[in-house]
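Following: one structure in structure tokens, then a few remarks.
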Amino acid sequence: METAYDMAAALARYLFIMIMLYVIIASAVLSIKEARIMHAARKRARLSVRYIEMLAPDDVRGKRFYLNGDCTMGSGNNDDIAIPSSDLKKKHARFFEYKGDMCVSVKQRRFFEVNGERPLSKTVPLCDGDKVWIRDVCFICHGHREEEAKNGLL
């Protein structure tokens with residue numbers, strides 16, 4: 001016949017095993033979540049272009065816009081990069097990531113130049129140092145932030 005002590009010990013063992021299983025499962029879930037976050041961070045670090053520096057028009061000359069995922073450029077107030085003084089239409093250009101490259105896509109190829117040449121497509125992957133004209137807007141693409149270069153993080 002079992003004593004109360006034996007029953008309490010069995011219950012304590014059962015609770016200990018359940019708590020340990022919970023800790024193991026929670027750790028596995030957090031590890032998977034952390035792995036996804038690290039994968040996304042490594043992907044973002046590999047991007048060819050991190051920000052653009054505006055050259056024209058004059059009212060935005062020298063401004064920097066960091067490209068984090070999808071963003072739009074145009075003259076509208078809802079655009080991520082809004083340049084109301086330009087000839088751009090609302091959501092005239094779109095920046096997006098594709099296979100580790102930052103790309104730009106425009107509505108019309110007619111007023112679009114990359115490094116002085118008109119591309120064959122409306123969508124072009126950007127590289128560090130590319131000089132891009134979209135209508136009367138000009139910008140240079142930069143591959144890394146200056147702070148990262150100064151701190152030796154590259």
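For reference, positions follow the sequence shown, starting with 1.
Following chains of ILVMFWY side-chain contacts shorter than 4.5 Å, one can reach Val106 starting from Phe65, so the two form part of one hydrophobic cluster. Under a hydrophobic-cluster definition in which Ile, Leu, Val, Met, Phe, Trp and Tyr are linked whenever side-chain heavy atoms come within less than 4.5 Å, directly or via other members, Ile83 and Trp133 are assigned to different clusters. Criterion: ILVMFWY side-chain heavy atoms under 4.5 Å apart, direct or through other members. Under it, Val60 and Phe111 are not part of a common hydrophobic cluster. Under the 4.5 Å side-chain heavy-atom criterion for grouping Ile, Leu, Val, Met, Phe, Trp and Tyr, Leu88 is not connected to Ile140 through any hydrophobic cluster.
Contact between Asp59 and Ser85 at its shortest, heavy atoms only, is OD2-OG, 2.7 Å. Considering every non-hydrogen atom in both Ser105 and Phe96, the closest pair reads CB-CE2, 3.8 Å. Contact detail for Val132 and Ile134: the closest heavy-atom pair is CG1-CG1, 4.0 Å. Among all heavy-atom pairs drawn from Lys91 and Lys107, the shortest one is O-CE, 3.1 Å. Cys103 approaches Pro125 most closely through the heavy-atom pair SG-CA, 3.8 Å. Of all heavy-atom pairs between Cys141 and Leu126, the closest is SG-CD1, 3.9 Å.
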>> Run the side chain to side chain contact (heavy atoms under 4.5 Å, CB included) test on Ser75 and His92 for me, step by step, so that the C-alpha distance in whole Å, both residues' side-chain angles and the decisive distance to 0.1 Å come before the verdict.
In response: CA-CA 8 Å; Ser75 61; His92 193 96; over 6 Å; no
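Looking at Arg61, its side chain does come within 3.5 Å of a backbone N or O of Leu55 through a donor-acceptor pair. With hydrogens and angles disregarded, a donor-acceptor distance shorter than 3.5 Å links the side chain of Arg109 to the backbone of Pro119. Between the side chain of Arg50 and the backbone N or O of His142 there is no donor-acceptor pair closer than 3.5 Å. Distance alone, capped at 3.5 Å, places no donor-acceptor pair between the Asn115 side chain and the Asp130 backbone. Between the Asp136 side chain and the Asp87 main chain, a donor and an acceptor come within less than 3.5 Å of each other.
Proximity of Phe95 to Ile81: side-chain heavy atoms (C-beta onward) are separated by under 4.5 Å at one or more points. Side chains of Val104 and Met73 form no contact here, defined as non-hydrogen atoms less than 4.5 Å apart. Glu97 is listed as a side-chain neighbour of Met102, based on a closest heavy-atom distance under 4.5 Å.
Applying the 6.0 Å contact sphere to CG of Leu120 captures no more than 12 heavy atoms from other residues, nucleotides or ligands. In this structure, Asn78 places its CG atom where only 12 or fewer heavy-atom neighbours from other residues, nucleotides or ligands lie under 6.0 Å away.
Leu21 contributes atom CG, which lies 10.0 Å from atom CZ of Phe16 (distance to the nearest 0.5 angstrom). Atom OH of residue Tyr66 and atom SG of residue Cys71 lie 13.5 Å apart, to the nearest 0.5 angstrom. To the nearest 0.5 Å, atoms CZ (Arg135) and CZ (Arg110) are separated by 7.5 Å. The CD1 atom of Ile37 sits 6.5 Å away from atom NZ of Lys33, with the distance rounded to the nearest 0.5 Å.
With respect to the salt-bridge test (charged N to carboxylate O, under 4.0 angstrom), the residues Asp79 and Lys90 do not qualify.
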